[in-house]
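Heads up: the structure comes next, in structure tokens.
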Amino acid sequence: MSAASPRAMLEPMLRARRFDEALLDHAVLVEGVYHVSIGLEATAAALAVTRREGDQAMLNHRNHGVLAALGSDPETMFGEIFGRDGGAQRGRAGTLHLADPTVGVPYTSAMVGGGAALAVGIGFARRLSGSEAITFAFFGDGAMGEGALHESLNLAALWSVPVVFVCENNSERDGQRANALQAAHELTDLAAVHQIPAEVVDAHDPVELAERFAAAAGAVRAGGGPHFLEARSAPWPGNGFMPDPAAPRFDLVAAAAGGEGWAAVDPLGQLVRRLLGEGTGLAEIASLDDAVRAEMQRAATRAAARPVAPPPAATENVWGAA
Amino acid sequence: MSRLRAFEESVATAHAEGELPGLLHLSIGGEAVAAGTIPLLREEDRVFSGHRAHGHFLAAGSDPRALAAELAGRETGLCRGRGGSMHLMDERAVLATGVVGGSLPVAVGTSLALARGAVAVVFFGDGAVQTGTFHETLNMAALWKAPVLFVCENNGWVEFSSRDEHTPVDTVASYGPLYGITTRSVDGGDVEAVTGATAELLDGIRAGDGPGLLECAVVRLRPHYEGDFRPHEAEGDPLLKLEATLSGLGAEPAELEVVRNRELETAGERLREVLDHDPAADPAADRSLVFAAPPGSLAVPAGKPKAGENMVQAARAALAEAMEADPGVVVLGEDAVAGGPFALTRNLEGRFGAERVRNTPISEASFMGVGVGLALAGARPFVDVMFDDFVTLASDQLFNHAAKIHFMSGGRRSVPLTVWTIAGAGTRWGAQHSQRLDGWFAQVPGLKLLAPSTPAMMRASVAAALADPDPVVVLADRELLYRRDGLPGDGGSPWRPRVVREGTELTLVTSGRCLWLALEATADLGDAVEVIDLQLAAPLEPGPIRESVAKTSRLAIVHDEAACGAIGAQLAATLTEECFWDLDAPPLRIASPPTPVPAAASLEDAYMVDAETIRRRVEEVLGR
């Protein structure tokens, strides 16, 4: 399994970032709560460059970045978030449950840790059918408090289910403890105890993360049973109960020069500086960035112009086909 | 150890002869663990167990005759025959449960309410280690330095399959150090080894070091339950081991034999006496055992209502007043310290301290159990489950434990637990954050559900719930949280339906946001519609509604959620049964369609009951 190239990571990371920024630009159109993936683009892009046709991913309430990175149609995504006609799930799901089966995300649970158990089920079914496809489960560090997650780790290890568990940890450590609500010293220990290979990776180093991601996926695909990756990052300052629509947008030129505060560790900035250092021209990066930004803005505008989602007839979609 | 063995052998014999019905899991093989741990405990310590509990209860001092009578389903039993083998409850041995892992978080909860230096010990099998609650509980116990000793009796069997079919993890002791929990492993058949390790762990726990974990390798000398034909061990009997040790120290085998036989005879005779003489448990008492106090039988604490306060403020004020008056009132929930998403518990930690307002990890299934444990120990926990949807995660502790403990204990124990949750659609948060599950609560005997519609009644509901000896769920309607309006009758009891507008042609029963919609929708129908605020959603108190229907001859029920399985169905059935001859028309239920709550604004608006719909359907039934 060859390492993912920095160049291959650029577009998915830009798609993730510029999608959520376009969403922030249109924040007034979102009724209800929403979550952005700013700062977590490296794991999203790692999935995008590692994933093969047929691989599935179970996400969580913080799902925009992964879907955008995977190439899910942004206008359809915005349509679902804004509750418009033509939304990804016809308005039933909204941002918390955003999904896209065409990129391997069949359903998204907003119950913390819920996706992990489902990923084990999907993975198990795939193995039974003889498929070489693997399944990814994305969840945050808070999900390590949920019993269902541990049950999932145990079952995946017991039945050698081909799942890559990806824990996006953006919490501060609390002394010896992983965080203020997790007495375990290391989240990876909670996977390793089930005999699942587990490692910590830096979510601010996209290239290293992608390499570790690909290695884990390769091992799982080769039949080695589940793997666990803890991707650590510092939380984006714009996060709160709701994201801050006025937070600074990614500035390519400033990032090329280094940036301050969070911008200095911003994984997208890290990637840009790496590419520049390896000889990619700023103009080339800017050109791609401009195109992605324009695409996302256009998608948001077009989705916003659509009529609201029409109510379904009676119990349409409650039950599957008879 | 002989006494424990003799009891179990007498039970096994009686069961084999068809004299003891039910599901019996015997502790034969586990005597060294019970005898090596429990006698080291102090009077104020507490013991918890699972389905294989007889040995633990006997060792903790439970009366063997009452225990035998409980297994025999007699009125003289420990729990008046209502609990049976798997749900024993007593003073020092607090709880046995049939749900694997069910007593783990309960033990933690109780430990937090014990006097300093006291310890809660919880026994569980290796099967419980694969449950989610095991991890959630260890984490919380470690976080809070709960004085708990976790004792795992690892016999390598999980019901009918071996441990390696349940997990790749060999030893239970592997888990303790992950959470920074002091851990020991011993041969559970060697009573001296068990005693030594227990003493060491107890010292640390009593000194405030936090919880301990003791893994005891034991042999299950009997099948999983009595009557099962599947395999069990033949060797490794701890009693034989002890007798060999005693022989080595100079005891005469004949003397040991005498002790054994004497115990066996005593146990056999005692059981025989129970079977021959003790009266069978009397079903007539059953209904009265569901609650410690029938809803509405206690005075509601008078609060100090403040004019102009909204629902959240009223709830917070009532909670703060209760916390002020009673140091046993404690708060648990996610983000409880910061106040939670609706600022309900804001500033309470600053006022009352970190021990009384605790942030929980995302562990609903277990922190509900911690609440049960606190309640069993005499505290009055207020457990905030954020959204009604998440109660589904806490179902086991709420439905299988909290709701049933008073009954299963034969009335000896009650669970003064208050659960707060916010329900209802309208925020565009989608299907997993918008449900209102009154019907779920109403189905399970043993839970009280208050659903107030005004700030004054919210105040009364929270105060009443915190003063109640039984589990009470206080359900706040999302759309009403910041509303200040009151209604006639505010200040009355929250425990029964109340008439908020009089009428002559139709009785309309509702609560929460639908109540306000109904008032609006029927405002200009003169005095045609009598609007009743349900208030007590479970158990139903149909009295005031019956009186109204006798007057109006028509009944309408309005509620959120789909009609099927909701409390409207229960109301309609009950009132039809009781008022059939008064009714001039079938009861009308106005509810949402049978779909999950959609996220998009346009869809959610179409899904939710609105004033227009209420108006139209009421006019239809009135013939206008």
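Values below: all heavy atoms of this structure, side chains included; hydrogens, waters and symmetry mates excluded. Order of the sequence lines sets the chain letters (A, B, ...), proteins ahead of strands, with each chain counted from 1.
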Using a 4.5 angstrom heavy-atom cutoff, name the option from A:Glu151, A:Gln195, A:Glu80, A:Gln176 with the most pairs to chain B.
A:Glu151
Can you say whether A:Ser109 sits under 4.5 Å from chain B via the side chain, the backbone, both, or neither, judging by heavy atoms?
both
Value for OH (B:Tyr175) from NE2 (A:His150), rounded to nearest 0.5 Å, stands at 10.0 Å
So do the side chains of B:Leu178 and A:Leu190 get within less than 4.5 Å of each other, counting heavy atoms only?
yes
Given 3.5 Å as the limit, does a donor-acceptor pair link the side chain of B:Ser363 with the main chain of A:Glu146, or not?
no
Most chain B-contacting option - heavy-atom pairs closer than 4.5 Å, from A:Ala178, A:Gly91, A:Gly94:
A:Gly91
Against chain B, label A:Val112 side chain, backbone, both or neither, depending on which of its atoms sit under 4.5 Å from a heavy atom there.
side chain
Determine whether a donor-acceptor pair (N or O, by modelled atom type, separation under 3.5 Å) exists between the side chain of A:Asn154 and the backbone of B:Gln130.
no
Non-hydrogen atoms of chain A under 4.5 Å away: do they reach the side chain of B:Leu393, the backbone, both or neither?
side chain
Looking only at A:Gly83, A:Ala309, A:Ala180, the option with the highest number of non-hydrogen pairs under 4.5 Å against chain B is A:Ala309
Report yes if the side chains of B:Leu143 and A:Arg177 come closer than 4.5 Å at any heavy-atom pair, otherwise no.
yes
So, the part of B:Ala365 with a heavy atom under 4.5 Å from chain A: the answer is neither
Here the gap from B:Ile362 atom CD1 to A:Phe139 atom CZ, rounded to the nearest 0.5 Å, amounts to 12.0 Å
Does A:Ala110 offer a backbone N or O that forms a donor-acceptor pair with the side chain of B:Gln432 under 3.5 Å?
yes
For chain A, the option from B:Ser366, B:Ala600, B:Pro361, B:Pro168 that forms the most heavy-atom pairs under 4.5 Å
B:Pro168
Heavy-atom pairs under 4.5 Å with chain A: which of B:Ser174, B:Pro598, B:Pro341, B:Ala601 has the most?
B:Pro598
The reported gap from CG in A:Leu181 to CD in B:Glu334 (rounded to nearest 0.5 angstrom) is 9.0 Å
Chain A contacts, top residue of B:Glu604, B:His135, B:Met140, B:Glu364 (heavy-atom pairs, under 4.5 Å):
B:His135
Go through A:Glu186, A:His185, A:Met111 and name the one with the most non-hydrogen pairs under 4.5 angstrom from chain B.
A:Met111
A:His194-B:His166 aromatic ring centre distance below 6.0 Å
no
Report which part of A:Gln182 has an atom under 4.5 Å of a heavy atom belonging to chain B: side chain, backbone, both, or neither.
both
Heavy-atom distance under 4.5 Å to chain B: side chain of A:Pro310, backbone, both or neither?
backbone
Please confirm whether the backbone N or O of A:Gly147 pairs with a side-chain atom of B:Glu136, one donor and one acceptor, at under 3.5 Å?
yes
Looking at chain B, which one of A:Val308, A:Val193, A:Asp189 has the largest number of heavy-atom pairs inside 4.5 Å, strictly under?
A:Val193
Would you mind checking which part of B:Asp605 comes under 4.5 Å of any heavy atom in chain A, side chain (CB onward), backbone (N, CA, C, O), both or neither?
neither
